[in-house]
There are 2 protein chains.
Amino acid sequence: MNNRKENSTNTINESYWKDHCGIAFTLSAIGGRWKINILSYLLHEDKLRYGELRKRLVGISERMLIAKLKELEQDKLVNRIVYQQVPPKVEYELTALGRSLENILILMDEWGETNM
Amino acid sequence: MNNRKENSTNTINESYWKDHCGIAFTLSAIGGRWKINILSYLLHEDKLRYGELRKRLVGISERMLIAKLKELEQDKLVNRIVYQQVPPKVEYELTALGRSLENILILMDEWGETNM
DNA sequence: CTGCATCCTCAAAGATACTG
DNA sequence: CAGTATCTTTGAGGATGCAG
């Protein structure tokens, strides 16, 4: 996808990458404080406007939401749909790739619910 | 488990917690830069001494490794086995709860391998 | 060998004001 | 409405020295 190799995980040795490279990549795509929340909402609600997402993600700053949406878009997990009109309207939705994360999110949710 | 509520995710609103509480909890248990790496090694190699883990986790500082192992121990994901001898010998191994994360790690690895 | 305490750095994230 | 720009803050993580 994009510049994964510049992330913090690039200091890991070869034996690691042989065994767990996929995990590191997945984490780099959905890890951090906000991305999974964003993906979850888009999973449940199909299309959401920027402002709707912001209302749901209580506590996120505009700057962060934009940054994370842009990263998700660059990683092809979400589509950004621009409606040419005034006032502006932009919607975000999951791509097929984004939806393919559903199994992982479900498993994580189940494990958490069971063990919290 | 322990003090989840003090984490950064505690600012999220009610509708979030209703829908995705489990995911947030799971992420708080295995998220971050190192925990999944540690878990992966213990999954593949059963018991590992502190020094062996440190050799495998290239780039981690002693301070971080100790801190993350302690967190994993407090969350009941790993067991710490102390051998009363000189020089000291301590081994770490997954608990049943820790091994129960295997499915998630496998899914994440597969997704990453497929899409990286 | 295993582990703790202290100090420090830097990047991620927050706050705020502004614009098309 | 949907962003952008700038400044500030925070805290995860690194370096180092010490101890049982």
Side-chain angles (χ1 to χ4, degrees), chain A residues 2-12 24 27-38 41-42 47-74 78-93, chain B residues 3-13 24 27-38 41-42 47-74 78-93:
Chain A
N2 57 351
N3 54 346
R4 286 281 173 267
K5 288 295 159 46
E6 296 169 14
N7 286 348
S8 54
T9 40
N10 69 346
T11 52
I12 294 169
L27 259 196
S28 74
I30 68 175
R33 180 169 169 185
W34 297 110
K35 284 184 179 177
I36 282 189
N37 300 18
I38 297 171
Y41 280 117
L42 293 177
K47 286 190 180 66
L48 282 173
R49 298 183 65 170
Y50 171 81
E52 295 171 329
L53 270 172
R54 197 150 72 88
K55 260 178 268 172
R56 283 160 179 73
L57 294 159
V58 175
I60 199 171
S61 63
E62 297 178 1
R63 184 180 163 286
M64 259 304 109
L65 180 52
I66 291 290
K68 293 309 161 187
L69 284 171
K70 190 178 286 182
E71 288 178 30
L72 290 170
E73 192 194 355
Q74 284 175 348
V78 310
N79 275 139
R80 182 172 179 272
I81 308 162
V82 182
Y83 298 84
Q84 283 300 345
Q85 60 184 52
V86 179
K89 174 178 172 181
V90 179
E91 285 185 331
Y92 293 89
E93 65 174 1
Chain B
N3 55 346
R4 286 282 172 270
K5 290 294 158 47
E6 294 170 20
N7 285 348
S8 55
T9 40
N10 69 344
T11 51
I12 295 169
N13 64 1
L27 259 196
S28 73
I30 68 175
R33 180 169 168 186
W34 296 110
K35 283 183 178 178
I36 281 188
N37 299 17
I38 297 172
Y41 280 118
L42 292 177
K47 287 188 180 67
L48 282 173
R49 298 184 62 172
Y50 171 80
E52 293 172 331
L53 270 171
R54 196 151 72 90
K55 258 178 268 170
R56 281 161 180 71
L57 294 158
V58 175
I60 199 172
S61 64
E62 295 179 2
R63 181 182 165 287
M64 260 303 110
L65 180 51
I66 291 290
K68 293 310 162 188
L69 284 172
K70 187 179 288 182
E71 289 178 27
L72 291 170
E73 192 194 354
Q74 285 175 347
V78 309
N79 275 136
R80 182 171 178 271
I81 309 163
V82 183
Y83 297 84
Q84 283 300 345
Q85 61 183 54
V86 178
K89 174 179 174 181
V90 179
E91 286 187 331
Y92 293 89
E93 65 174 1

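These values consider heavy atoms only, across backbone and side chains, with no hydrogens, waters or symmetry-generated copies. Below, read A as the first sequence line, B as the second, and so on, with proteins coming before strands; counting in each chain starts at 1.
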Under-4.0 Å side-chain N/O to phosphate OP1/OP2 contact, [X] with [N]:
X	N	value
Lys70(B)	dG3(C)	no
Arg63(B)	dC4(C)	no
Lys68(A)	dA13(C)	yes

Rounded to the nearest angstrom, tell me the gap between atom [atom1] in [X] and atom [atom2] in [N].
X	N	atom1	atom2	result
Ile66(A)	dG20(C)	CD1	P	16 Å
Glu91(B)	dC1(C)	CD	P	15 Å
Arg33(A)	dA12(D)	CZ	P	11 Å
Leu69(A)	dA2(D)	CG	P	11 Å
Leu72(B)	dG3(C)	CG	C1'	16 Å
Ile81(A)	dC1(D)	CD1	P	19 Å
Glu62(A)	dC7(D)	CD	C1'	16 Å
Arg54(B)	dG14(D)	CZ	P	13 Å

Which residue lies more 5' along DNA chain D, comparing Tyr50(A) with Ile60(B) via nearest heavy atoms: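 Upstream on the strand: Tyr50(A).
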Passing option when Leu42(A) is tested against Leu72(A), Asn79(A), Asn37(A), Val78(A) for side chain to side chain contact (heavy atoms under 4.5 Å, CB included):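 Looking at Leu72(A), Asn79(A), Asn37(A), Val78(A), the match for Leu42(A) under the side chain to side chain contact (heavy atoms under 4.5 Å, CB included) is Val78(A).
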Verdict with reasoning, Leu69(B) to Arg80(B), per side-chain contact (heavy atoms from CB on, under 4.5 Å): CA-CA 9 Å; Leu69(B) 284 172; Arg80(B) 182 171 178 271; over 6 Å; no
Derivation of the side-chain contact (heavy atoms from CB on, under 4.5 Å) call for Glu52(A) and Tyr92(A): CA-CA 10 Å; Glu52(A) 295 171 329; Tyr92(A) 293 89; over 6 Å; no
Separation of Leu57(A) CG from Trp34(A) CH2 (nearest 0.5 Å): 6.5 Å
First encountered from the 5' end of DNA chain C, between Met64(A) and Pro88(A): Met64(A)
Nearest-nucleotide pick for Ser61(A), side chain only, options being dG3(D), dG14(C), dC4(C):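 Between dG3(D), dG14(C), dC4(C), the one nearest the side chain of Ser61(A) would be dG14(C).
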Sidechain N-carboxylate O distance under 4.0 Å for Glu71(A), Lys68(A):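 Counted as a salt bridge, because a side-chain N and a carboxylate O are separated by less than 4.0 Å.
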Sugar-phosphate, base or nothing in reach of Tyr83(A), heavy atoms under 4.0 Å: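 Result for Tyr83(A) = nothing.
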